[in-house]
Amino acid sequence: MAAVDSIEVVIAHHERATLRVGDVFLKVDTDQARTDVEVEAMTLAPVPTPEILWRRPPVLALAALPGVALGRLGEPSTASPAAWAAAGATVRKLHDAPLPPWPGRTADAIAADLDTECTLLIANGILPTDLVTRNRQVAEAALRPWTPAFTHGDLHVSHVFVDGDEVTGVLDWSEASRGDAMFDLASLTLGHEEHLDDVIAGYGPGADLDAIRAWWSLRSLLAVRWLVEHGFDPSKPGCEIDVLRARM
């Protein structure tokens with residue numbers, strides 16, 4: 001690698017860290033099984049992904065993608081409606097691809113985790129009881145039978161990069177698996193509900209709006225306590241707690 005002026009810490013907690021060194025991202029993960037999934041998923045996915053430069057456990061080196069992130073949670077997106085539609089089309093291409101060889105989580109397992117998390121959110125005073133109860137009711141619509149698709153599994157808006165109106169790549173594949181296609185669409189539009197119509201326009205037929213909205217609640221309920229315990233703030237404007245409040 002050439003000399004660089006600085007190192008940027010993209011994200012860091014006790015399980016994982018991502019550093020940007022010049023035009024290279026260095027991902028360090030305590031669980032090499034997640035990295036195994038990431039590498040294989042990027043190999044199988046029929047959409048643009050970062051170039052794998054090298055892997056020396058526990059470090060995975062990836063080339064930086066051109067362009068900028070489609071958006072950030074808690075911030076207005078400056079991307080065009082056409083860019084959001086292109087993101088929807090990219091997600092559809094992934095969902096139409098052959099399934100990865102490893103399984104994903106079942107609705108029953110997710111429901112069990114949700115029940116546990118809601119109990120802890122209330123018992124520990126992290127969220128008001130009425131906010132948890134209402135969003136638990138909304139989340140029920142996501143826990144239905146679904147036809148498994150090749151899902152990214154962690155499709156934050158900041159994981160999709162665009163250059164103008166074109167998608168240049170999708171980052172962070174360690175949660176990829178067989179799963180509910182609507183979960184990816186919900187993850188992409190979490191906190192950016194105003195762009196849901198653009199994403200669906202690019203995605204095409206088959207989107208279940210009730211399930212997407214249910215996943216907004218479910219994902220947020222499952223995330224809040226983890227975010228607080230790892231030093232993040234889900235109460236910032238436009239973030240997870242605001243997503244939950246919007247369902248009241």
Side-chain angles (χ1 to χ4, degrees), residues 11-16 30-31 34 70-77 103-146 148-149 151-159 172 174-175 177-197 199-200 207-248:
I11 189 169
H13 49 79
H14 71 272
E15 296 175 358
R16 309 183 210 183
T30 59
D31 184 351
R34 282 195 294 250
L70 184 64
R72 303 281 179 189
L73 185 61
E75 301 176 10
S77 171
R105 304 188 67 220
T106 65
D108 287 344
I110 295 169
D113 285 348
L114 179 62
D115 287 341
T116 298
E117 201 61 38
C118 288
T119 299
L120 291 172
L121 288 170
I122 295 171
N124 295 335
I126 298 172
L127 292 176
T129 299
D130 61 341
L131 187 64
V132 174
T133 301
R134 170 56 183 157
N135 278 277
R136 176 64 182 84
Q137 293 170 346
V138 174
E140 189 67 32
L143 301 173
R144 75 223 186 280
W146 61 70
T151 58
H152 179 279
D154 192 26
L155 199 63
H156 287 293
V157 64
S158 59
H159 291 167
D172 288 352
S174 61
E175 305 297 330
S177 69
R178 304 180 185 189
D180 180 12
M182 298 305 103
F183 177 69
D184 273 353
L185 294 177
S187 298
L188 179 62
T189 55
L190 184 76
H192 292 278
E193 186 171 351
E194 69 277 12
H195 294 293
L196 178 59
D197 288 345
V199 170
I200 297 306
D208 183 335
L209 297 181
D210 288 338
I212 291 171
R213 296 186 178 101
W215 276 118
W216 286 339
S217 290
L218 201 159
R219 179 170 184 134
S220 298
L221 287 170
L222 291 180
V224 166
R225 186 171 62 90
W226 185 95
L227 290 167
V228 170
E229 291 177 352
H230 287 77
F232 302 100
D233 185 2
S235 67
K236 289 182 177 179
C239 293
E240 285 81 3
I241 293 178
D242 272 356
V243 171
L244 296 172
R245 288 173 177 153
R247 309 276 75 80
M248 298 296 288

Beyond-backbone contact of Leu73 with Ser158, side-chain heavy atoms, under 4.5 angstrom
no
Please identify which of these residues, Thr133, Leu221, Thr129, meets the side chain to side chain contact (heavy atoms under 4.5 Å, CB included) condition with Cys118.
Leu221
Whether Arg136 and Asp115 form a salt bridge (side-chain N of Lys/Arg under 4.0 Å from carboxylate O of Asp/Glu) is what I want to check.
yes
Any side-chain heavy-atom pair from Val157 and Leu190 closer than 4.5 angstrom?
no
Working to the nearest 0.5 Å, report the span between NE2 of His230 and CD of Glu15.
4.5 Å
Rounded to the nearest 0.5 Å, the CD atom of Glu193 sits from the CZ atom of Arg213 at a distance of 6.0 Å
Set of side chain to side chain contact (heavy atoms under 4.5 Å, CB included) partners for Asp197, sequence neighbours left out:
none
How many angstroms lie between CZ in Arg225 and CD in Glu117, if you round to the nearest 0.5 Å?
4.0 Å
Contact between Glu240 and Leu244 at the side-chain level, heavy atoms closer than 4.5 Å - yes or no?
no
Do you know the tightest heavy-atom contact between Ala214 and Ala142?
CB-N, 3.4 Å
With a 3.5 Å distance limit and no angle check, can you tell me whether Asp184 reaches the backbone of His152 through a side-chain donor-acceptor pair?
yes
For the pair Arg34 and Asp172, find out whether any cationic side-chain nitrogen is under 4.0 Å from an anionic carboxylate oxygen.
no
Please test Trp216 against Asn135 for side chain to side chain contact (heavy atoms under 4.5 Å, CB included), starting from the C-alpha separation and ending with a verdict.
CA-CA 9 Å; Trp216 286 339; Asn135 278 277; over 6 Å; no
Closest contact, heavy atoms only, Ser177 versus Gly104:
OG-CA, 3.6 Å
So which atom in Val132 and which in Leu127 form the shortest heavy-atom distance, rounded to 0.1 Å?
CG2-CB, 3.7 Å
Answer yes or no: is there a side-chain heavy-atom contact under 4.5 Å between Leu131 and Leu121?
no
Least distance between heavy atoms, Leu196 atom then Leu209 atom:
CD2-CD2, 4.0 Å
Treating Asp180 as the side-chain partner and Met182 as the backbone partner, does any N or O pair qualify as donor plus acceptor under 3.5 Å?
yes
When rounded to the nearest 0.5 angstrom, what distance separates CG in Leu185 from CD1 in Ile212?
4.5 Å
Could you tell me whether Glu175 and Arg219 make a salt bridge, using a distance below 4.0 angstrom between a side-chain N and a carboxylate O?
no
Nearest 0.5 Å please: distance from the CH2 atom of Trp226 over to the NE2 atom of His13.
3.5 Å
Pair Asp208, Trp146: side-chain N/O donor-acceptor within cut-off below 3.5 Å:
no
Does His156 reach the main-chain N or O of Gly71 with its side chain, forming a donor-acceptor pair under 3.5 Å?
no
Indicate whether any N or O donor in one side chain lies under 3.5 Å from an N or O acceptor in the other, for Ser174 and Arg16.
yes
Shortest non-hydrogen contact between Gly74 and Cys239, atoms and distance:
CA-SG, 4.0 Å
Once rounded to the nearest 0.5 Å, what's the spacing between atom CG of Leu155 and atom OG of Ser187?
6.5 Å
List for me each residue that meets side-chain hydrogen bond (donor to acceptor under 3.5 Å, both in side chains) alongside Asp233, sequence neighbours excluded, and say none if there are none.
Ser235
Can you name the nearest heavy-atom pair linking Val243 to Ser220, along with the distance?
CG1-OG, 3.6 Å
Do Leu70 and His195 have side chains that get closer than 4.5 Å, going by heavy atoms?
no
